[in-house]
Amino acid sequence: MLELRHLQYSVTENAETNDIIKDVSLTVPDGQLLVLTGPNGGGKTTLAKLIMGLLTPTAGQILWNGADVTALDLTQRARLGISYGFQQPPRFKGIKVGDLLSIASGKKLLRRTEACALLTQVGLCAADYIDRDVDTSLSGGEVKRIEIATILARESGLMILDEPEAGIDLWSFNKLTETFSALHAKRDATMIIISHQERIIALADEIAVVDHGVITRRGAAAEVYPAIVSGAYNTACPARQ
Amino acid sequence: MNEALNSIDTALLEQIADMKGGQAPGAVNIRKDSGCASRITTDDVDIRSKTDKPGIDIFIRAGARKAVCHIPVIITRSGLTETVYNDFYIGEGAECTIIAGCGIHNCGEDESRHDGVHTFHIEKGARVTYVEKHYGEGDGGGKKNMNPQTVAYLAEGAFLKMDTSQIKGIDSTKRDTRIVCGPGAETVVTERLQTHGEQVAESNMEIVLDGDGARGRVISRSVAQERSRQVFYPKMTGNAKCFGHVQCDSIIMDDARISSIPAIVANSTEAELIHEAAIGKIAGDQLLKLQTLGLTREEAEERILKGFLA
Ligand SMILES: Nc1ncnc2c1ncn2[C@@H]1O[C@H](COP(=O)(O)OP(=O)(O)OP(=O)(O)O)[C@@H](O)[C@H]1O
Ligand SMILES: [Mg+2]
């Protein structure tokens, strides 16, 4: 189970403090698929990075399986089974797709068939990619799918994916939703998917809306989603008010 | 197992020339502490000692197919310094791989130094792969220095792929490379260099594209750590209708210093030359990504450098 208690994150620049995550408390039970959605700049990625340990909260606590991990670093959290697929994955000069999957799996040498199976799950033809460098020669959608494959390879207890649909073509997207759906059906992992996509939202047990650094709404997908699209729920724009 | 070689020697040979137990397929010439520890010639590869100065002449038969030749140099005696001249004569249309390399094991207090001067005469249509690794070890205070010089002349349609790397442990190196490509000839030079501690490395390289259709490509990757210093002067000169590309990429760490000074010189309106050079620290997002996959910061750093220099 993942539990966030009064999580806050602010940055101070030129003596001006910007509260990016204001006060987020959230519990995600084991095996749940929670979709985080909400307007651009609402704080979804920041929240995910706080959970992974890429950012350090200004206040509050993060508990994973009952243990307080707030003070643990990235590597320690990764080893406890927390994983995060970047919204904008980095590229590497000289690290091959197969190498990255091996590192992700924690095995010294991932078997070729295992690596191929992972790539197939994100809709990539394994033979074409496994020996390619994860560098600028890959397209945006390719890098994004490889990023998701590294998260699948980790087989971790908590998977956080940041807009997995971004830049991905329709055919691969079908494959991806199938993969998430199958994974969720096994209930081995708690999944948090940041997404704006209706078809991913449809897979969710629950949706939470992150806006201006707070969770403005949370509930079953069937209730929250219609409210968002119908406009019953509006993001507060101070300029408009 | 060659009796002239002990376990230090065979370990060095494995490092620099991938030789197991001092053995390798094809022709072999092992130079150990200025003497000849082993020589094997084949139908395609003849090796003769020079009579006027230290070194060997290597002849690859015209039309040879997949000839292989290992000519490593090892120095295990502290204080030994030498200059060695090796000349390669590659016959017309021959196809060969030459594995050179130098390993120094210095446990003493005196400087050990190997200055190798390699000259290639590559005839029409020949295709040569030349691999050279430099490596030093031993914890005495004695310096381990190497100053390799490589000169190659490529006749019409010849091809030279040169891979040089300085793996580790060389205190000071000054490397000079000059390759002249005739019409339709092509060279691809890959240089990899890693320095640490107080090491210094300088690499001067000139590729002269001297005939129509000549092509040259230089790929230089380096990592400078701690207080080491590196200087690169890659130069591509185009004298005809030719294409040349220089690409230098360096990762700088700690208190290291790197200068990368590429030059392109066109002496013909038909010359097309490009250079790219970049120096930077390890990208932060790469480190973070590998840490999210469970590596420690140090492991992540090591993995990124290994990939970069691979
Ligand atoms: N280091 C920073 N300094 C200043 N502002 C920041 C910093 N990091 C994030 N922000 C701001 O915090 C807000 C939340 O950013 P975040 O990336 O979490 O949004 P998001 O919900 O993931 O948006 P998107 O849907 O566009 O991906 C944005 O307004 C962003 O500009
Ligand atoms: Mg985001």
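None of these values were measured; they are calculated from a predicted model. In what follows, chains carry the letters A, B, and so on, assigned in the order in which the sequence lines appear, proteins first and then strands, with residues in each chain numbered from 1.
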Residues which pass side-chain hydrogen bond (donor to acceptor under 3.5 Å, both in side chains) with A/Q121, listed by chain and number, not counting sequence neighbours:
none

Keeping [X] on the side-chain end and [Y] on the backbone end, is there a donor-acceptor pair under 3.5 Å?
X      : Y      : answer
A/R145 : A/G123 : yes
A/S10  : A/T17  : no
A/D19  : A/K22  : no

Smallest separation among heavy atoms of A/L100 and A/I95, with atom names
N-CG2, 4.1 Å

Using a plain distance cut of 3.5 Å, could you tabulate donor-acceptor pairs between chain A and chain B?
residue : atom : partner : partner atom : Å
A/T75   : OG1  : B/L295  : O            : 2.9
A/R79   : NE   : B/G294  : O            : 2.8
A/R79   : NH2  : B/G294  : O            : 2.8
A/R79   : NH2  : B/E299  : OE1          : 3.3
A/R91   : O    : B/Q286  : NE2          : 2.7
A/K93   : NZ   : B/D249  : OD1          : 3.4
A/K93   : NZ   : B/D249  : OD2          : 2.8
A/D99   : OD2  : B/R303  : NH2          : 3.4
A/E147  : OE1  : B/K289  : NZ           : 3.1
A/E147  : OE2  : B/K289  : NZ           : 2.9
A/T150  : OG1  : B/K289  : NZ           : 3.1
A/R154  : NH1  : B/L293  : O            : 2.6

Is a salt bridge present between A/D68 and A/R5, judged by a nitrogen-to-oxygen distance below 4.0 Å?
no

Highest number of heavy-atom pairs under 4.5 Å with chain A: which of B/G294, B/A283, B/A300?
B/G294

Do the non-hydrogen side-chain atoms of A/L34 and A/L2 ever get within less than 4.5 Å of each other?
no

Side chain, backbone, both or neither: which part of A/L54 has a non-hydrogen atom closer than 4.5 Å to chain B?
side chain

